[in-house]
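Below you'll find the structure, written out as structure tokens, and then a few comments.
Nothing here was measured: the structure is a model prediction, and the numbers come from that model. Per chain, numbering begins at 1; letters A, B, ... match sequence-line order.
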Amino acid sequence: MINITLKDGSVRRYESGKTLLEMVFDISPRLAKEALVARVNGKLVDLNSKIDSDAQVEFLTFDSEEGQEVFRHSTSHVLAQAVQRLFPGTKLAIGPAIANGFYYDFDSPQKFTPEQLERIEAEMNKIIKEDLPFSRVEISREEALQRFGEKGENYKVELIEGLPEDAVISCYQQGDFEDLCAGPHVPSTARLKAVKLTSVAGAYWRGDERNKMLQRIYGTSFPKKSLLDEHLQRLEEAKKRDHRKLGAELDLFSIHEEGPGFPFFHPKGMVLRNELENFWREEHKRRGYVEIRTPIILSRALWEQSGHWENYRENMYFTKIDEGDYSIKPMNCPGGMLIYKSRMHSYRDLPIRMAELGLVHRHELSGVLHGLMRVRCFTQDDAHIFMLPSQVKDEILGVIDLVDEFYRVFGFDYHVELSTKPEKSIGSDEIWELATESLREALEARGLPYKINEGDGAFYGPKIDFHLEDSIGRTWQCGTIQLDFQMPERFDLTYVGEDGQKHRPVMIHRVVFGSIERFIGILTEHFAGAFPAWLAPVQVKVMPITDRQQEYAQAVTAKLTKNGIRAELDARNEKVNYKIREAQAQKIPYMLVIGEREVSAGKVAIRHRKKGDLGVTALDNFIDNLALEIKNKEL
RNA sequence: GCCGGCGUGGCUCAGUGGUAGAGCAGCGCAUUCGUAAUGCGCGGGUCGCCGGUUCAAAUCCGGCCGCCGGCUCCA
């Protein structure tokens, strides 16, 4: 007999060799129906596995992250089985669970079209009905190589060859299908109740564009049809928040075939931009930043000196002036260097925090352009901080705090990544190590959780990245802090120290919004277009009920405008319902309905886009309240 | 750039070889109305672009451009 300790601390005794599935049936038939996998002494294992010694056991359902992952991973195996049934000879690459679903990469001469996806989905449902148990077998490396080699599964062979010496190699089988897999899996295909294949896409083997492009089928799955429907419903809802759709509907910006990736900002979009920039200038002034502006076009020699020519050329645009080669700036730093160098600096002047709202152009591959999130020209809210080595830590902390304070104003959640030395880079390993450690220490000092992004730093230094989410959960890098020992070297930047000698300053590149364009995209999706009053392009819509209130409504609008509030008059000969409907669709925060009663009382009737009818009040009172809401940047 | 899908009035979409359609928006007229669509009328499209097949192409074929979802890359 063995002792099994459950999550609640209770202990049950079983004969050695009983499977987890048998145990959970004994504990609770209801839990048994929902349990997908178990955590045994901290390790995830199949419910089909046998336990032969005392253990801590926890049963996991779809409610847990691990349960979902196992569930989706098992679904990807069923997908692979269905594809191989319908298209024999299809080779398997990898098929992991991802956030909200799974995918599987295939190598097949057969092109998977949307119609075929339906066929595959039907086959998957058949496999699910067949209630095939997942069973695990551990095999030797030689046997694994032989098995998958015989079947012509060359990608699997490659995977096996890449496994570490001491790795346990396992296979999972359901019916006549077998896949190389570490597991664990759900007990049987019948658990995978509701399955939906969502799209096909190309994906390079091992994510390397030099490799063959495989066909990736994406899908998702749930233990209940209703959960799947809810998920699809949520995706539909999210589409309505898409900044590309809202950007057109709210008349914020447009992008044209005449300039792919080069957005045009309309008057309403400019209000947003300007509000963001005003806020940004105020906050930076308060924190001791000075503002500069550098040219868009600068000579090739400058870019050679900075290292961009060597490391960033594929992303740059070029032009000729007279006989000379010039480049359109992809970054603002070299321009900033020239300003720093234009005069002498004393150690007493440092740190110098030099900010620039700089318009940069980058050649991005056509396939990656995405509304305002990924464009070919954008405005970075850049700053370069020149400092003494002893000031590095405080300056990094200052920027981390600044970013946090900014994002808080908009109510954004964010996550942080630390990116290390990339393949293409300048500077010695020691310097990189030192810079990376400084950033790491700053993060630790603030207790910020972060993820390491190996090899994703800028070519001149490591960076801390701040990522924000869009409406469907894709994350976009916005803020970044990059520590740079290289540019000061390359541009021979100096300051005069206490000792009267020249010394080398250290530099930080940093952005908070990241790109104003991308930030506006995120902002739009986050608020679903219903921007807080301080950002709303139109803050108040004044709507007289009939022509007779026209004059009074005009006076109201004029007074609002005089008080710095962005107000518009809807003088059209339409019913209030119609005007309200339109103002609601435009997500205007406040509507002032003006009828006979308001005119005679000299008041206004307020309607809020979310709170509805707020009753009648004096105009001055409304103005005071709204002015305060705007000043406080209320959400 | 690569893989797959898509491209018809400002917007959403119907039309799959035989003279381009609807709703919304726009414009005109009427209506003067109390918290999410008043009625009637009128205009508007070389069907993304170029070429081919055909007596005839929005529709079939090829190339290009753009967009969407991924991959790779990045603010």
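Residue-nucleotide stacking is present for A:Phe378 and B:rA75, judged by a side-chain ring centre under 5.5 Å from the six-membered base ring centre and planes under 30° apart.
For A:Tyr204, taking side-chain heavy atoms from C-beta onward, the closest of the listed nucleotides B:rU72, B:rG34, B:rG70 is B:rU72. For A:Glu257, the listed nucleotide lying nearest its side chain is B:rC65; candidates were B:rC65, B:rU72, B:rG34. The side chain of A:Tyr578 approaches B:rU38 more closely than any other nucleotide in the set B:rC33, B:rU38, B:rG1. The A:Thr113 side chain lies nearest to B:rG5 when the options are B:rA36, B:rG5, B:rG70. In the set B:rG70, B:rC33, B:rA75, the nucleotide with an atom closest to the side chain of A:Lys463 is B:rA75. With B:rG26, B:rC71, B:rG34 as the choices, the nucleotide that has an atom nearest any side-chain atom of A:Glu596 turns out to be B:rG34. Comparing B:rA36, B:rA75, B:rC73 against the side chain of A:Val368 picks out B:rC73 as the nearest. When the nucleotides B:rC74, B:rA36, B:rU32 are ranked by their closest atom to the side chain of A:Thr546, B:rU32 comes out on top. Distance from the side chain of A:Glu209 is smallest to B:rU72 among B:rG66, B:rU32, B:rU72. Here B:rG69 is the nucleotide among B:rA75, B:rC71, B:rG69 with the atom lying nearest to any side-chain atom of A:Arg474.
Counting non-hydrogen atoms under 4.0 angstrom, A:Arg244 reaches the backbone sugars and phosphates but no base.
Each of A:Met373 and A:Asp208 has a nearest nucleotide on RNA chain B; the 5'-most of these lies closest to A:Asp208. Projected onto RNA chain B by closest heavy-atom contact, A:Leu372 and A:Lys245 fall at different nucleotides, the more 5' of which corresponds to A:Lys245.
The shortest distance between the side-chain N/O atoms of A:Lys575 and the OP1/OP2 oxygens of B:rG34 is not below 4.0 Å. Within the structure, every side-chain polar atom (N or O) of A:Arg210 is placed at least 4.0 Å from both OP1 and OP2 of B:rC2.
Checked by distance alone, A:Glu314 brings no side-chain donor or acceptor within 3.5 Å of a matching partner on the base of B:rG1. Applying the 3.5 Å distance criterion, the base of B:rU32 shares a donor-acceptor pair with the side chain of A:Asp547.
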Check against salt bridge (Lys or Arg N to Asp or Glu O under 4.0 Å), A:Glu249 and A:Lys245: CA-CA 6 Å; A:Glu249 284 171 8; A:Lys245 189 175 158 63; 3.3 Å; yes
Residue pair A:Phe412, A:Phe519: steps toward the ring-ring contact (aromatic ring centres under 6.0 Å, His included) verdict: CA-CA 11 Å; A:Phe412 287 159; A:Phe519 200 80; 5.5 Å; yes
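Base pairing of B:rC47: no nucleotide in any strand meets the Watson-Crick or G-U wobble criterion (both distances under 3.5 Å). Nucleotide B:rA30 has B:rU38 as its partner under the Watson-Crick or G-U criteria, with both atom distances under 3.5 Å.
Classified by interplanar angle (parallel below 30°, tilted 30° to 60°, perpendicular above 60°), the ring pair A:His77/A:Tyr104 is perpendicular.
Separating the CG atom of A:Asn453 from the C1' atom of B:rC73 is a distance of 12 Å, rounded to the nearest angstrom. As rounded to whole Å, 16 Å separates atom C1' of B:rA75 from atom CG of A:Leu523. When the P atom of B:rC71 is taken as reference, atom CZ of A:Arg206 falls 18 Å away, rounded to whole Å.
Between A:Leu357 and A:Asp382 there is no side-chain heavy-atom pair separated by less than 4.5 Å.
With respect to the salt-bridge test (charged N to carboxylate O, under 4.0 angstrom), the residues A:Arg206 and A:Glu158 qualify.
No donor-acceptor distance shorter than 3.5 angstrom exists from the side chain of A:Tyr450 to the backbone of A:His415, with no hydrogens or angles considered.
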